[in-house]
2 protein chains.
Amino acid sequence: MTSRQTEQAEREVSRLLSARGVRFTAARRQVIYALALATGPMAAGELHGTLRGRVPLSSLYRTLAVLEEARVLSKEHDSMGIARYELAESLLGHHHHLVCLTCGEVRDVGIDPPTEDTVVRLVEDIARRAGYRATGHRIDIEGTCASCLTA
Amino acid sequence: MTSRQTEQAEREVSRLLSARGVRFTAARRQVIYALALATGPMAAGELHGTLRGRVPLSSLYRTLAVLEEARVLSKEHDSMGIARYELAESLLGHHHHLVCLTCGEVRDVGIDPPTEDTVVRLVEDIARRAGYRATGHRIDIEGTCASCLTA
DNA sequence: TTCCTTGCAAACGATTTGCATTGGA
DNA sequence: TCCAATGCAAATCGTTTGCAAGGAA
């Protein structure tokens with residue numbers, strides 16, 4: 001995320017939080033910054049490290065829960081079952097994930113609009129036939145990342 | 001899965017296990033049967049219930065680990081971070097998942113071959129551009145299932 | 001006999017929560 | 001002041017593991 005985008009995102013986050021009567025504290029700001037700089041969803045432990053332990057794990061989890069509740073962050077679970085957080089798509093834009101099955105790295109990837117349209121039609125079609133109403137989709141591309149390929 | 005498919009799958013499982021010097025015991029057979037009848041991936045706790053507690057949880061987890069190691073089962077984590085198991089795609093065929101965000105149900109869905117081809121090309125293209133070598137993909141269609149829609 | 005397998009109980013690790021304290025509006 | 005936010009320690013819960021007993025080849 002560029003610093004310009006980060007500024008814009010910060011205003012949006014501030015709005016989302018105050019709409020809930022929730023404060024935009026230092027710890028929350030630091031989590032947002034760390035995630036804005038990340039190239040993919042981060043685990044609580046990774047964030048704790050990135051923040052150099054300045055936010056205790058229990059507080060960090062509470063921070064993440066508050067931000068998720070306010071729809072500032074989204075949460076998912078990686079292949080080890082560990083929770084990973086990233087900025088919500090309303091801030092980061094729609095994207096998918098490249099997952100390295102060797103080292104576990106998860107990286108964001110964009111998808112061009114025409115292809116995304118194709119995917120959306122496909123997804124809604126499948127859902128309809130099964131009696132579901134589709135509200136979203138998630139595509140994980142599993143493979144081996146560049147550095148694991150050469151290693 | 002039809003009973004005919006189940007027979008065939010059972011022979012394949014037997015082969016995969018004996019290739020590893022691993023026995024096809026009663027508990028393992030029961031897990032395979034339960035999963036062959038399931039409409040989507042099951043959590044250990046659900047299997048434990050389906051098997052009416054005949055297999056203690058710790059043994060069940062060991063059974064699942066052995067079967068996964070032998071590539072008879074595949075494991076993933078649902079939106080709560082809980083592990084769910086299903087027959088490997090080599091037995092069940094390639095498919096994707098419909099996820100009901102309301103009740104948590106996960107259901108298998110097939111995808112027609114031409115569309116799947118499109119998806120594969122798309123996925124490999126994205127991976128290549130990021131320096132990854134793609135080995136597979138996973139699509140979760142998130143939405144609301146038929147019974148939650150009417151409820 | 002020789003290993004693989006099982007069951008129980010204890011251990012683990014990520015995450016959550018109770019409670020007393022702190023701090024911002 | 002008042003209530004949200006914080007930090008520590010203890011609790012939770014899905015999952016894993018140590019160990020001794022059971023079972024098939």
Side-chain angles (χ1 to χ4, degrees), chain A residues 13-35 41-70 72-86 104 106, chain B residues 13-35 41-70 72-86 104 106:
Chain A
V13 170
S14 178
R15 198 182 61 71
L16 284 166
L17 292 183
S18 62
R20 296 192 158 241
V22 165
R23 295 178 198 150
F24 200 177
T25 64
R28 290 170 189 171
R29 228 174 265 277
Q30 290 180 24
V31 167
I32 302 292
Y33 281 135
L35 290 178
M42 295 180 75
E46 292 171 354
L47 275 165
H48 185 248
T50 297
L51 301 180
R52 294 172 175 273
R54 286 190 297 268
V55 181
L57 268 174
S58 68
S59 299
L60 186 49
Y61 276 112
R62 269 197 271 240
T63 295
L64 292 166
V66 166
L67 294 176
E68 189 198 358
E69 181 67 19
V72 170
L73 302 185
S74 68
K75 174 186 185 177
E76 66 190 276
H77 290 268
D78 66 18
S79 62
M80 304 297 293
I82 293 175
R84 287 180 174 273
Y85 299 83
E86 64 183 346
V106 182
Chain B
V13 170
S14 178
R15 198 182 62 71
L16 284 167
L17 292 184
S18 60
R20 297 195 158 241
V22 165
R23 297 179 197 146
F24 199 177
T25 63
R28 291 171 189 169
R29 228 172 265 278
Q30 291 179 23
V31 167
I32 302 292
Y33 280 135
L35 290 177
M42 295 180 74
E46 292 171 354
L47 275 166
H48 186 248
T50 296
L51 300 181
R52 295 174 173 270
R54 286 190 298 267
V55 181
L57 267 176
S58 67
S59 300
L60 186 49
Y61 276 112
R62 270 198 272 239
T63 294
L64 293 166
V66 166
L67 295 176
E68 190 199 359
E69 181 67 19
V72 170
L73 302 185
S74 68
K75 175 185 183 176
E76 65 190 276
H77 290 268
D78 66 18
S79 63
M80 303 298 292
I82 292 176
R84 286 180 175 274
Y85 299 83
E86 63 182 346
V106 183

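First the proteins, then the strands, lettered A, B, ... as listed; each starts at 1. Every value quoted in this text rests on a predicted model; they were computed, and no experiment measured them.
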>> To the closest 0.5 Å, what do you measure between CZ (B:Arg84) and CG (B:Asp78)?
In response: 4.5 Å
> At under 4.0 Å between heavy atoms, what does B:Ser59 touch on the DNA or RNA strands: base, sugar-phosphate, or nothing?
Replying inline: base
>> Given D:dA9, C:dT15, D:dG14, identify the nucleotide with an atom nearest to the side chain of B:Ile82.
In response: D:dG14
>> Nearest whole Å is fine: how far is C:dC8 P from B:Arg62 CZ?
In response: 12 Å
>> Can you identify which nucleotide, out of C:dT15, C:dT17, D:dA5, has its nearest atom closest to the A:Val22 side chain?
In response: D:dA5
>> Does B:Ala65 reach a base, just sugar-phosphate, or nothing at all? Heavy atoms under 4.0 Å.
In response: nothing
>> So, does B:Arg23 get its side chain near the phosphate of C:dC3, meaning an N or O under 4.0 Å from OP1 or OP2?
In response: no
> Looking at the side chain of B:Thr25, which of D:dT6, C:dT5, C:dT15 is the nearest nucleotide?
Replying inline: C:dT5
> Under 3.5 Å, side chain of A:Arg28 to main-chain N/O of A:Arg23, donor-acceptor pair present?
Replying inline: yes
>> Determine whether a donor-acceptor pair (one donor, one acceptor, N or O, separation below 3.5 Å) exists between the side chain of B:Arg54 and the base of C:dG7.
In response: no
>> Return the OG to CZ distance between B:Ser59 and B:Arg54, rounded to the nearest 0.5 Å.
In response: 13.5 Å
> Within a strict 4.5 Å, meaning less than it, do heavy atoms of the B:Pro41 and B:Glu76 side chains meet?
Replying inline: yes
>> Between P on D:dT15 and NZ on B:Lys75, what's the gap in Å once rounded to a whole number?
In response: 7 Å
> Over how many whole Å does the gap from B:Leu67 atom CG to C:dT6 atom C1' extend?
Replying inline: 15 Å
> Once you round it to whole Å, what is the distance between P of D:dG14 and CD of B:Glu46?
Replying inline: 12 Å
> What's the CZ-P distance between A:Arg84 and C:dA14, to the nearest Å?
Replying inline: 12 Å
> Given C:dT6, is OP1 or OP2 found less than 4.0 Å from the side-chain N or O atoms of B:Arg28?
Replying inline: yes
> Once you round it to whole Å, what is the distance between P of C:dG13 and OH of B:Tyr61?
Replying inline: 16 Å
>> Rounded to whole Å, please give me the gap between CG in A:Leu57 and P in C:dT17.
In response: 15 Å
> NA contact type, A:Arg20, heavy-atom cut-off 4.0 Å: base, sugar-phosphate, or nothing?
Replying inline: nothing
>> I'd like to know if the side chain of A:Gln30 reaches the main chain of A:Ala27, judged simply by a donor and an acceptor atom lying under 3.5 Å from each other, with no hydrogens or angles considered.
In response: no
> B:Leu60 CG to D:dT16 P: how many Å, rounded?
Replying inline: 11 Å
> Base, sugar-phosphate, or nothing: which does A:Ala43 touch, judged by heavy atoms less than 4.0 Å apart?
Replying inline: nothing
